[in-house]
Amino acid sequence: MIKLDSPAGSNNYNINNKRAFAGTLISRETIEKITAFAYEMCFGTGHHRDCRTGGQYDRKGGEKFCNTFQGKLAEAELYNYLKLEGLELKEPDFGIYPKGIWDDSDLEIQGKKINVKSAASQSNLLLLETKDWNLQAQYIPNILLNNGASVSYDYFVLVRIQPDIKKLFKTERLFLNNEIDRKTIDNILSANTWYFDIAGYSTNSDVIAAIKNEHVLPQNAILNQYTKMDAGNYYIQSGDMKPIKNFVQELKTI
């Protein structure tokens, strides 16, 4: 795996192994379902944590909605893709959970746990917050949830979404709002056509190797000259991830 470009002594990092976005249309029905879920989680009875693990600021309602919408949309589209490929797997979890409770995997197929990471279409990094993952690529909050029993993900899949919902909310000055009515959000989302692609996947062993080889974007690092990292993250570049077709073939042999 290739490390990001970073001049010696610099806190600036640049991507050097990209994979082009190849968008597939997302149905309006899926957008409406994900919107309802994300709105209830962020502005209704659910709970979404205010601060990333190791993060430096509290997220407002608008940002939490963007993160929830993008993340659950990525899960739904990966599920739809795998179903179309003839694979049988559990549906994404649409439960509305209170504080302190969450689902312990994004998708599961024949006992294999899949961690789905979402990003905007221009992104080329699978990111894992350093304080959430141990050296065996196990998700620490899941270990705490399971009273110390280790919980590992077998696969990590990067799904990208277009347009960038965070940019849409920032344009409308909603990103930092804690109160947004549902109609306002519906109007923003319905005014756009939505696409996804699956940039690739990595195995548990790949992530362990990235951690061991110190593929880390530190907190406060500057990525691609513009993006300041709120928290430290392990990373794998999209160009180092395996093609999704290989993932399907591998799953069919399980």
Side-chain angles (χ1 to χ4, degrees), residues 1-23 49-60 63 66-67 70-71 74 115-141 153 155-171 175-176 195-244 246-247:
M1 287 181 284
I2 300 173
K3 282 194 172 184
L4 297 171
D5 283 333
S6 181
S10 169
N11 201 33
N12 297 312
Y13 294 78
N14 292 286
I15 293 169
N16 53 19
N17 196 10
K18 300 179 180 180
R19 183 164 291 162
F21 180 79
R49 61 181 179 170
D50 293 329
C51 184
R52 294 180 178 87
T53 306
Q56 301 175 94
Y57 69 93
D58 289 342
R59 292 179 286 185
K60 304 299 184 183
E63 182 178 0
C66 291
N67 292 338
Q70 180 179 278
N115 182 278
V116 184
K117 304 303 293 185
S118 68
S121 59
Q122 69 271 18
S123 177
N124 279 281
L125 293 178
L126 171 77
L127 293 174
L128 300 169
E129 292 166 22
T130 55
K131 291 190 176 181
D132 274 343
W133 301 86
N134 64 22
L135 297 179
Q136 291 74 45
Q138 297 167 335
Y139 189 54
I140 295 170
Y153 290 96
Y155 303 100
F156 297 76
V157 181
L158 177 61
V159 180
R160 300 183 290 192
I161 306 295
Q162 186 183 75
D164 183 345
I165 189 171
K166 292 181 181 179
K167 287 185 178 179
L168 296 179
F169 269 51
K170 288 176 180 178
T171 297
F175 194 65
L176 299 179
Y195 299 89
F196 80 97
D197 87 343
I198 304 172
Y201 80 100
S202 295
T203 64
N204 180 268
S205 296
D206 294 331
V207 174
I208 291 174
I211 294 171
K212 180 180 179 180
N213 293 319
E214 299 182 343
H215 285 229
V216 176
L217 262 174
Q219 187 177 62
N220 296 321
I222 304 300
L223 177 64
N224 291 339
Q225 301 180 15
Y226 300 107
T227 303
K228 185 177 181 179
M229 303 301 295
D230 173 51
N233 283 266
Y234 299 116
Y235 68 82
I236 296 178
Q237 298 194 67
S238 61
D240 282 320
M241 302 184 79
K242 301 174 178 65
I244 193 62
N246 293 12
F247 181 60

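Count residues from 1 along the sequence. Side chains included, hydrogens not; waters and symmetry mates left out as well; all remaining heavy atoms used.
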For this session: List the steps and the verdict of side chain to side chain contact (heavy atoms under 4.5 Å, CB included) for Asp197 and Tyr195.
Result: CA-CA 7 Å; Asp197 87 343; Tyr195 299 89; over 6 Å; no
For this session: Measure the CG-CG distance between Asn233 and Leu128 for me, rounded to the nearest 0.5 Å.
Result: 7.5 Å
Seminar exercise, completed: Separation between OH (Tyr153) and OG1 (Thr203), nearest 0.5 Å, reads 15.5 Å
For this session: Might you point out which heavy atoms bring Ala221 and Asn11 nearest each other, and give the distance in Å?
Result: CA-ND2, 3.3 Å
Problem set entry | Contact summary for Met241 and Gly200, nearest pair of heavy atoms | CE-O, 3.4 Å
Exercise. With distance as the sole test, does Ser6 use its side chain to make a donor-acceptor pair with the main-chain N or O of Asn12 at under 3.5 Å?
Worked result: yes
Exercise. Does Asp164 use its side chain to pair, donor to acceptor, with the backbone of Lys166 at less than 3.5 Å?
Worked result: yes
For this session: Look up atom OH in Tyr13 and atom NZ in Lys3, then write down how far apart they are to the nearest 0.5 Å.
Result: 8.5 Å
Exercise. Between the side chain of Asn220 and the main-chain N/O of Pro218, is any donor-acceptor distance below 3.5 Å?
Worked result: no
Problem set entry | For the student: nearest non-hydrogen atoms of Met1 and Ala210, plus distance | CE-N, 3.6 Å
Problem set entry | Nearest-0.5 Å distance, CG of residue Asn204 to CD of residue Gln138 | 8.0 Å
Seminar exercise, completed: To the nearest 0.5 Å, atom OG of Ser118 lies from atom CG of Asn67 at 7.5 Å
Exercise. Could you go step by step and tell me if Leu223 and Leu125 meet the side chain to side chain contact (heavy atoms under 4.5 Å, CB included) rule?
Worked result: CA-CA 11 Å; Leu223 177 64; Leu125 293 178; 3.7 Å; yes
Exercise. So Phe175 and Cys66, side chain to side chain contact (heavy atoms under 4.5 Å, CB included) or not? Walk me through it.
Worked result: CA-CA 8 Å; Phe175 194 65; Cys66 291; 4.1 Å; yes
Problem set entry | Donor-acceptor under 3.5 Å (Gln219 side chain, Asp230 main chain) | yes
Exercise. Can any side-chain N or O of Asn124 pair as donor or acceptor with the backbone N or O of Arg19 at less than 3.5 Å?
Worked result: yes
Exercise. Is Lys242 salt-bridged to Asp206, going by a charged N under 4.0 Å from an acidic O?
Worked result: yes
For this session: For Gln237 and Asn17, indicate whether the former's side chain and the latter's backbone hold a donor-acceptor pair under 3.5 Å.
Result: yes
Problem set entry | Closest non-hydrogen atom pair, Pro163 against Leu168 | CG-CD1, 3.9 Å
Exercise. Do Asp132 and Pro141 have side-chain heavy atoms sitting under 4.5 Å apart?
Worked result: yes
Exercise. Considering the options Phe156, Tyr234, Tyr235, which one meets the ring pair (Phe, Tyr, Trp, His ring centres under 6.0 Å) requirement together with Trp133?
Worked result: Phe156
Exercise. Do you know which two heavy atoms are closest between Leu217 and Leu127, and how far apart they sit?
Worked result: CD1-CD2, 4.1 Å
For this session: Look only at the side chain of Asp240 and the backbone of Ile2, and say whether a donor-acceptor pair between them is shorter than 3.5 Å.
Result: yes
Problem set entry | Donor-acceptor contact present, side-chain Asn16 to main-chain Leu4, <3.5 Å | no
For this session: For residues Ser123 and Arg160, report the shortest heavy-atom separation together with the two atoms involved.
Result: O-NH1, 2.9 Å
